[in-house]
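Index from 1, following the sequence.
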Amino acid sequence: MSPKKMLKKLARFASLKVILPAVYAIAARKPVEPERVVFLEISADRLTDSFALLYEAVRERGRQSELICIHDGSVGGVQYLKNCANMLRSIATAPVVFINEASNVTSCVHLRPQTKLIQTWHGCGAFKKFGFSTASLEWGISGKEMERYPYYKNQWLVSVSAPEAVWAYQDAMHQPQGVIRPLGVSRTDVFFDPDYICKAREALYQYFPQARGKKVILYAPTFRGTQTHAGTLQLDHEAFRLALSDRYVLVEKHHPFVKHLPQIPENCRDFAVDLTGAMSISQLLCVSDICISDYSSLVFEYSLFERPMIFYAPDLEEYFDARGFYYDYDALTPGPVYQEQSSMITYIQEIGTRFDRQQVAAFREKFMSACDGHATERILDAIGI
């Protein structure tokens, strides 16, 4: 092992096994402040869609909503350790803490029994493997390493999108019986709000006036590679424009890990636009008539609209070997799977006769049955807020 790797290993041990547990243990000597509810963003620098409705609903029910961002992956090691220490001091006196990602920081402490740690997760359904499910794959770390430095410890409740998803989250998180419950995913409640959908459409027209009077194709692929070296797949904008611009516009939304976004050719900018930094994925799902994706869990959310989905997966075999899926990919996907783009264009041109709405409806019922516009309410009721 190189000196650099050895130093990194020692720093991890010192922070997760010694420093941070000690910080929390000292802070937890103080009494719990019963009105506080903390929302913990691990990597984001703001309140995300996963928390937005819960954050406001907690306030409406008379509690104090607090946001803490620890900036995992975006600050240096020393600053990140300081952020984690300050966060642990804060949650030590909170009766309820919400998280939406895996966290080895909230998992490294002996959480006091008066605190409920609520995992809302950032995806619906059960698509790509994660956590302990990837222990033997290229994507994941070893099961032994995950046991040594756990990411899913101390969770009081994990709310998922349907009973069908419970087994997959159990496989990934290794939770005690009854922790993973199909209460729904809070952020999907907006898809049942006509006012939210209307505002999302107006936002689209503001950013891209060319969308007025046209149907919207959303291209929203997941990232390739790693969090720090994330890539994406690019569409042939000119081919799409030539075949479809009389009826459609193309809107792109790339994964937030992707730092270098594909460029849309200048002669296609009346047809295609990248709104990655302008609109949320929830807004774009509302206003899209067709969604093109690949291995992203956003297709579960999009199924709530029972609209056409197309799966562009030219690297399916490679992606499966590295990451793996909870279900057979071809059997799971509620729409055609293509490895080249001309077939996608042809399908869109013939979508009126080729789209199978019942296939999407069955997918929705299987994986999203607990997402009915009332998930936020059920989650807060379950916690006792």
Side-chain angles (χ1 to χ4, degrees), residues 41-42 44 48-54 98-102 118-131 133-134 152 155 157-173 175 179-193 196-197 200 218 220-223 253 255-257 280-286 288 291-311 323-327 329 331-335 359-379 382:
E41 292 285 2
I42 305 298
T48 61
D49 289 349
S50 296
F51 289 154
L53 294 179
L54 285 163
F98 285 95
I99 58 174
N100 57 22
E101 294 185 55
I118 313 301
Q119 174 66 262
T120 63
W121 204 238
H122 52 274
C124 297
F127 208 153
K128 298 170 293 194
K129 290 186 175 182
F130 68 99
S133 302
T134 63
Y152 306 102
Q155 295 178 150
L157 169 67
V158 180
S159 185
V160 298
S161 61
E164 178 66 27
V166 171
W167 77 268
Y169 283 75
Q170 182 62 43
D171 188 72
M173 296 181 175
Q175 294 298 298
V179 169
I180 302 171
R181 298 171 59 188
L183 301 179
V185 177
S186 172
R187 74 168 183 278
T188 65
D189 287 354
V190 297
F191 300 139
F192 299 85
D193 182 353
Y196 179 90
I197 295 173
L218 172 64
T222 193
F223 71 97
K253 174 73 171 178
H255 195 280
F257 287 169
S280 71
I281 188 59
S282 295
Q283 289 176 306
L284 291 173
L285 291 176
C286 288
S288 302
C291 179
I292 301 174
S293 193
D294 44 17
Y295 321 116
S296 173
S297 63
L298 66 85
V299 298
F300 293 101
E301 296 163 60
Y302 194 63
S303 73
L304 293 172
F305 297 101
E306 296 186 2
R307 297 171 187 162
M309 283 181 263
I310 301 170
F311 295 83
R323 186 72 184 262
F325 305 112
Y326 286 109
Y327 295 84
Y329 185 80
L332 173 72
T333 47
Q359 185 183 21
V360 179
F363 179 87
R364 170 185 174 168
E365 179 59 30
K366 182 174 183 177
F367 291 105
M368 298 294 290
S369 61
C371 296
D372 57 1
H374 302 285
T376 301
E377 180 183 348
R378 279 194 297 272
I379 291 169

>> Apply side chain to side chain donor-acceptor pair (under 3.5 Å) to residues K128 and T222 and explain how you reach the verdict.
In response: CA-CA 11 Å; K128 298 170 293 194; T222 193; 3.2 Å; yes
>> When you compare the side chains of T48 and N100, does any donor N or O come within less than 3.5 Å of an acceptor on the partner?
In response: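 Present: a donor and an acceptor within the cut-off.
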> Can you tell me if S293 uses its side chain to pair, donor with acceptor, with the backbone of A220 under 3.5 Å?
Replying inline: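 A pair under 3.5 Å: yes.
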[Y] and [X], any side-chain heavy atoms less than 4.5 Å apart:
X	Y	answer
F98	L54	yes
S297	C124	no
F300	S161	no
F51	E41	yes
E301	R187	yes
V360	M309	yes
P221	I292	no
Q283	Y196	yes

Point-to-point distance, once rounded to the nearest 0.5 Å, from [atom1] of [X] to [atom2] of [Y]:
X	Y	atom1	atom2	result
I379	I118	CD1	CD1	9.0 Å
T188	Y302	OG1	OH	16.0 Å
T333	D294	OG1	CG	11.5 Å
K253	S282	NZ	OG	9.0 Å
L304	L285	CG	CG	9.5 Å

Of all heavy-atom pairs between [X] and [Y], which one has the smallest distance, and what is that distance?
X	Y	result
S303	M368	OG-CG, 3.8 Å
A382	L157	CB-CD2, 4.5 Å
P182	P163	CB-N, 3.5 Å
A126	A168	CB-CB, 3.6 Å
V299	F127	CG2-CE1, 3.9 Å
F192	C371	CZ-O, 3.3 Å

> Who are the side chain to side chain contact (heavy atoms under 4.5 Å, CB included) partners of Q175, not counting sequence neighbours?
Replying inline: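 Here the qualifying residues are Y152, Q155, Q170, M173, V179, I180.
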> If you count the non-hydrogen atoms of other residues, nucleotides and ligands that lie under 6.0 Å from CZ in R181, is the total more than 12?
Replying inline: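 For R181, atom CZ is not crowded (no more than 12 foreign heavy atoms under 6.0 Å).
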>> If the condition is ring pair (Phe, Tyr, Trp, His ring centres under 6.0 Å), which residues does F191 pass it with, not counting sequence neighbours?
In response: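 For F191, the residues satisfying ring pair (Phe, Tyr, Trp, His ring centres under 6.0 Å) (neighbours in sequence not counted) are F305.
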>> For F311, give me all partners under ring pair (Phe, Tyr, Trp, His ring centres under 6.0 Å), at least two apart in sequence or on another chain.
In response: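 Residues passing ring pair (Phe, Tyr, Trp, His ring centres under 6.0 Å) with F311: none at all.
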> In a check of ring-ring contact (aromatic ring centres under 6.0 Å, His included) between Y295 and each of Y326, F130, F325, Y327, which one passes?
Replying inline: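 Only one of Y326, F130, F325, Y327 forms a ring-ring contact (aromatic ring centres under 6.0 Å, His included) with Y295, namely F325.
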>> With side chain to side chain contact (heavy atoms under 4.5 Å, CB included) as the criterion, how do S159 and T120 come out once you've worked through the C-alpha distance, each side chain's angles and the decisive distance to 0.1 Å?
In response: CA-CA 6 Å; S159 185; T120 63; 5.9 Å; no
>> Per the side chain to side chain donor-acceptor pair (under 3.5 Å) rule, what does the pair list look like for residues 361-372, sequence neighbours excluded?
In response: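 Sorted pair list: D372-R378.
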> Does T376 have any side chain to side chain donor-acceptor pair (under 3.5 Å) partners at least two apart in sequence or in another chain, and if so, which?
Replying inline: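 Testing T376 for side chain to side chain donor-acceptor pair (under 3.5 Å), a comparison that skips the adjacent residues, returns S186, D189.
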>> Run the side chain to side chain donor-acceptor pair (under 3.5 Å) test against S296 and tell me which residues pass, sequence neighbours left out.
In response: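 Side chain to side chain donor-acceptor pair (under 3.5 Å) list for S296, sorted by chain: empty.
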